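Contents: one structure, followed by commentary.
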Amino acid sequence: MIELRLIVIVAIFLFILLTPIALMSIPTTLERLTQNSWCVDKIYYRGQEVIPYSLGIKMTSEYDNCDETMNFRQSGIVDFPGINSYGDRAHWVYKNDSLIITEWSIGNNNSFDKDLNIKDNKDQKSIYLGAYLLEIKDNRIKLQSDSLIILGKVLTSSFRF
């Protein structure tokens, strides 16, 4: 009987000791957001599906089925796929359970005309700007704003540019 009590006490002690350690080792939402590259599966803009297609150099891998990616850097910079344009760069912050996307302060909003001359697009705003609800479950991500929904998954290979 004493052995059973000792086993129960040791088990309770180990549970109390190991539970906080296990909970502290679970990555936070911010860690999961920045430590992964995200494969963009679908984008819906104002209820309509848009197909992301970035112009320029892209490297692909035969080991994944991902044409477009987004990357959230710890520095607060995010790279989004282009939509029949070059990729879009923006600034991000996570505040009050919302992901806020704003213009990149240095400015990377140039696009090109048919002769590959830079067009001045000061009036053109990125579709990615705004406040988002961020949901990361398992290896899936969902960003949802008033006008945009981005669905994706963790990119499993590192053969991307």
Side-chain angles (χ1 to χ4, degrees), residues 22-161:
L23 291 176
M24 289 173 37
S25 68
I26 296 172
T28 66
T29 299
L30 279 179
E31 290 170 337
R32 293 189 67 200
L33 182 67
T34 59
Q35 291 176 356
N36 292 297
S37 289
W38 299 94
C39 181
V40 177
D41 290 333
K42 297 203 183 267
I43 297 177
Y44 296 96
Y45 181 64
R46 297 188 179 170
Q48 299 291 317
E49 183 175 0
V50 294
I51 308 297
Y53 180 77
S54 298
L55 301 176
I57 297 173
K58 291 193 282 187
M59 290 193 68
T60 58
S61 167
E62 62 186 75
Y63 302 108
D64 62 41
N65 187 17
C66 183
D67 294 324
E68 299 292 343
T69 62
M70 63 182 169
N71 294 293
F72 292 84
R73 300 180 196 166
Q74 290 180 347
S75 64
I77 301 296
V78 57
D79 293 308
F80 288 110
I83 299 177
N84 293 325
S85 65
Y86 288 93
D88 202 350
R89 180 166 282 180
H91 183 264
W92 70 271
V93 293
Y94 189 67
K95 187 187 290 185
N96 300 330
D97 294 329
S98 291
L99 185 67
I100 312 296
I101 307 295
T102 57
E103 288 187 70
W104 187 36
S105 60
I106 295 175
N108 191 19
N109 297 323
N110 294 328
S111 64
F112 299 83
D113 63 18
K114 64 180 180 170
D115 297 321
L116 297 179
N117 296 313
I118 295 176
K119 294 193 302 186
D120 184 16
N121 290 334
K122 290 182 181 175
D123 295 332
Q124 182 179 351
K125 301 289 183 189
S126 169
I127 67 168
Y128 296 111
L129 304 181
Y132 292 84
L133 295 174
L134 172 62
E135 185 178 316
I136 299 176
K137 288 185 180 174
D138 300 321
N139 289 328
R140 311 285 306 165
I141 188 169
K142 179 180 181 181
L143 302 173
Q144 184 169 358
S145 73
D146 291 339
S147 60
L148 193 68
I149 298 173
I150 303 171
L151 303 173
K153 64 182 178 242
V154 170
L155 183 64
T156 55
S157 78
S158 57
F159 297 97
R160 308 306 285 178
F161 273 8

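The shown structure was predicted, so the numbers you read here are calculated from the model rather than taken from an experiment.
To the nearest 0.5 Å, atom CE of residue Met70 and atom CG of residue Asn36 are 10.5 Å apart. Here the CG-OG1 distance, from Leu129 to Thr102, works out to 7.5 Å after rounding to the nearest 0.5 Å. Going from atom NZ of Lys153 over to atom OG of Ser37 covers 13.5 Å, rounded to the nearest 0.5 Å. Once rounded to the nearest 0.5 Å, the distance linking CG of Leu99 with CD1 of Ile150 reads 9.0 Å. Remark: Asp41 CG to Asp67 CG distance equals 10.5 Å, nearest 0.5 Å. Distance check: Glu49 CD to Tyr44 OH gives 4.5 Å after rounding to the nearest 0.5 Å.
You'll find the side chain of Leu143 stays beyond 4.5 Å of the side chain of Leu148, heavy atoms only. No side-chain heavy atom of Leu133 sits under 4.5 Å from any side-chain heavy atom of Lys142. In this structure the side chain of Asp97 never reaches within 4.5 angstrom of the side chain of Leu134, judged on heavy atoms. Looking at heavy atoms from C-beta onward, Tyr45 lies in side-chain contact with Ser147 at the 4.5 angstrom threshold. Side-chain atoms of Leu155 and Asn71, non-hydrogen and from C-beta on, never get closer than 4.5 Å to each other.
Ring orientation note: the planes of Phe80 and Tyr128 are close to parallel, at an angle under 30° on the 30°/60° scale.
Among all heavy-atom pairs drawn from Pro81 and Val40, the shortest one is CG-CG2, 4.0 Å.
Gln48 CD: 12 or fewer foreign heavy atoms inside a 6.0 Å radius.
Here the side chain of Trp38 pairs no donor or acceptor atom with the backbone of Leu151 at under 3.5 angstrom.
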